[in-house]
Protein chains: 2
Amino acid sequence: MKKKQFKTLYPRNIETVNGRPLDYCGIRCSMEVLGGKWKLLIVAELFKNKKRYSELKRSIPEISEKMLISSLQELEHHNIVVRTVVEAIPPQVEYSLSKYGQSVRPVLETLFGWGESHIKKHSDKIFH
Amino acid sequence: MKKKQFKTLYPRNIETVNGRPLDYCGIRCSMEVLGGKWKLLIVAELFKNKKRYSELKRSIPEISEKMLISSLQELEHHNIVVRTVVEAIPPQVEYSLSKYGQSVRPVLETLFGWGESHIKKHSDKIFH
DNA sequence: ATACCTACTTACTAAAATGTTAGTGCCCTA
DNA sequence: TAGGGCACTAACATTTTAGTAAGTAGGTAT
């Protein structure tokens with residue numbers, strides 16, 4: 001078994017922070033950790049409640065198992081979600097937000113809010 | 001000349017909004033309009049000041065011309081940036097945030113803030 | 001005459017992200 | 001004993017995104 005490789009955090013050295021405007025690094029870092037098609041949706045689900053793997057699958061039926069598991073693993077790697085194995089038959093694995101994961105809430109809310117109002121603003125164009 | 005195709009706004013029909021939790025659509029929409037490697041960085045630059053094409057290029061030297069122009073065009077398409085041609089020699093094209101574009105500020109700030117604090121929190125791990 | 005400036009466009013390539021399909025081992029139920 | 005739920009993993013294919021390199025056209029500076 002080879003170890004999973006996760007992306008290293010942007011930036012790689014402190015000079016990058018000083019050499020570039022900080023916003024550049026901050027935004028990039030957020031995108032690296034929370035970006036991608038599914039991660040924030042998973043986090044949103046976990047804000048509602050901790051969920052088992054199969055419950056998450058049912059909550060977000062469009063996601064493939066590969067993306068679900070790899071997103072969860074990356075989020076766990078970044079200490080945003082916590083994976084708990086419950087000894088039971090059949091096996092149960094629970095995913096929940098870590099304390100640190102709670103800090104993602106404002107990101108989620110702002111993005112959700114902006115997108116929602118964007119949809120409303122343009123709903124006439126979309127739905128003619 | 002064929003017309004540029006821009007992604008249609010998520011979701012495509014109103015049922016999707018009702019059929020899924022709203023956060024799903026809101027987040028997806030935000031990602032569709034503001035996502036990608038460069039768009040938010042460009043918007044961040046334009047929050048500092050309106051800038052000419054070549055100034056943007058200098059501000060974000062890592063970006064390729066292709067990505068710069070296509071990001072700008074998509075942002076213009078979504079009415080977030082405004083493109084103004086200044087009749088002059090050599091030609092000048094100014095890009096600035098639209099009024100609507102100003103509404104992106106909280107998104108930018110939250111993402112920047114979270115990423116920045118994430119970098120700080122993990123700076124020991126990154127830079128040991 | 002040559003090179004460079006401006007703001008782009010086009011064609012092509014490479015890399016990254018995501019999707020598909022099948023399979024694992026354990027146990028349970030019909 | 002056949003099939004299904006559970007929580008995954010692995011190999012491979014496809015799609016999406018981003019990067020590279022060259023070209024355009026009018027003008028200026030050397």
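Letters A, B, ... are given to chains in the order of the sequence lines, protein chains preceding strands, and every chain is numbered from 1.
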Atom pair distance, as rounded to whole Å: CD1 in A/Ile89 and C1' in D/dG5:
13 Å
Output yes when at least one side-chain N/O atom of B/Gln73 is less than 4.0 Å from OP1 or OP2 of C/dC8, else no.
no
Quick one: are the ring centres of B/Tyr100 and B/His78 less than 6.0 Å apart?
no
Taken to the nearest whole Å, CG/B/Leu68 to P/C/dC8 is 9 Å
Return the minimal non-hydrogen interatomic distance between B/Ser71 and B/Met67, and the atom names on each side.
OG-O, 2.6 Å
Tell me what A/Glu94 touches on the nucleic acid: a base, only sugar-phosphate, or nothing, going by heavy atoms under 4.0 Å.
nothing
What does A/Glu55 touch in the nucleic acid at a heavy-atom separation under 4.0 angstrom: a base, only the sugar-phosphate, or nothing?
nothing
With a cut-off of under 6.0 Å to the ring centre and 45° to the axis, is A/Arg28 in cation-pi contact with B/Trp114?
no
Specify the closest pair of heavy atoms between B/Leu75 and B/Val33, including all atoms of both residues, with the distance to one decimal.
CD2-O, 4.2 Å
Looking at A/Arg83, I'd like to know whether one of its side-chain N or O atoms comes within less than 4.0 Å of OP1 or OP2 on D/dC8.
yes
Determine which pairs satisfy salt bridge (Lys or Arg N to Asp or Glu O under 4.0 Å) with at least one residue from residues 93-104 of chain A, sequence neighbours left out, and list them in order.
A/Lys50-A/Glu94
Tabulate protein N/O versus nucleotide N/O from nucleotides 4-6 of chain C, keeping only pairs under 3.5 Å, one per line.
unit_1	atom_1	unit_2	atom_2	d
C/dT6	O3'	B/Arg52	NH2	3.2
C/dT6	O3'	B/Pro91	O	2.9

In whole angstrom, give the distance that lies between atom CD1 of A/Ile69 and atom P of C/dT24.
19 Å
Which atoms form the tightest heavy-atom contact between A/Gly115 and B/Cys29, and what is the distance?
O-SG, 3.6 Å
Which atom of B/Leu34 lies closest to which atom of B/Leu40, heavy atoms considered
O-CG, 3.7 Å
In terms of ring plane angle, is the pair B/His122 and B/His118 parallel, tilted or perpendicular, where the classes change at 30° and 60°?
tilted
Testing the 3.5 Å rule here: is there a donor-acceptor pair between the side chains of A/Tyr95 and A/Glu45?
no
Starting at the 5' end of nucleotides 16-25 of chain D, put B wherever the base has a protein heavy atom under 4.0 Å, S where only the sugar-phosphate does, and a dash everywhere else.
-SBBB-----
Interatomic distance where CG belongs to A/Leu72 and P belongs to D/dA7 [whole Å]
11 Å
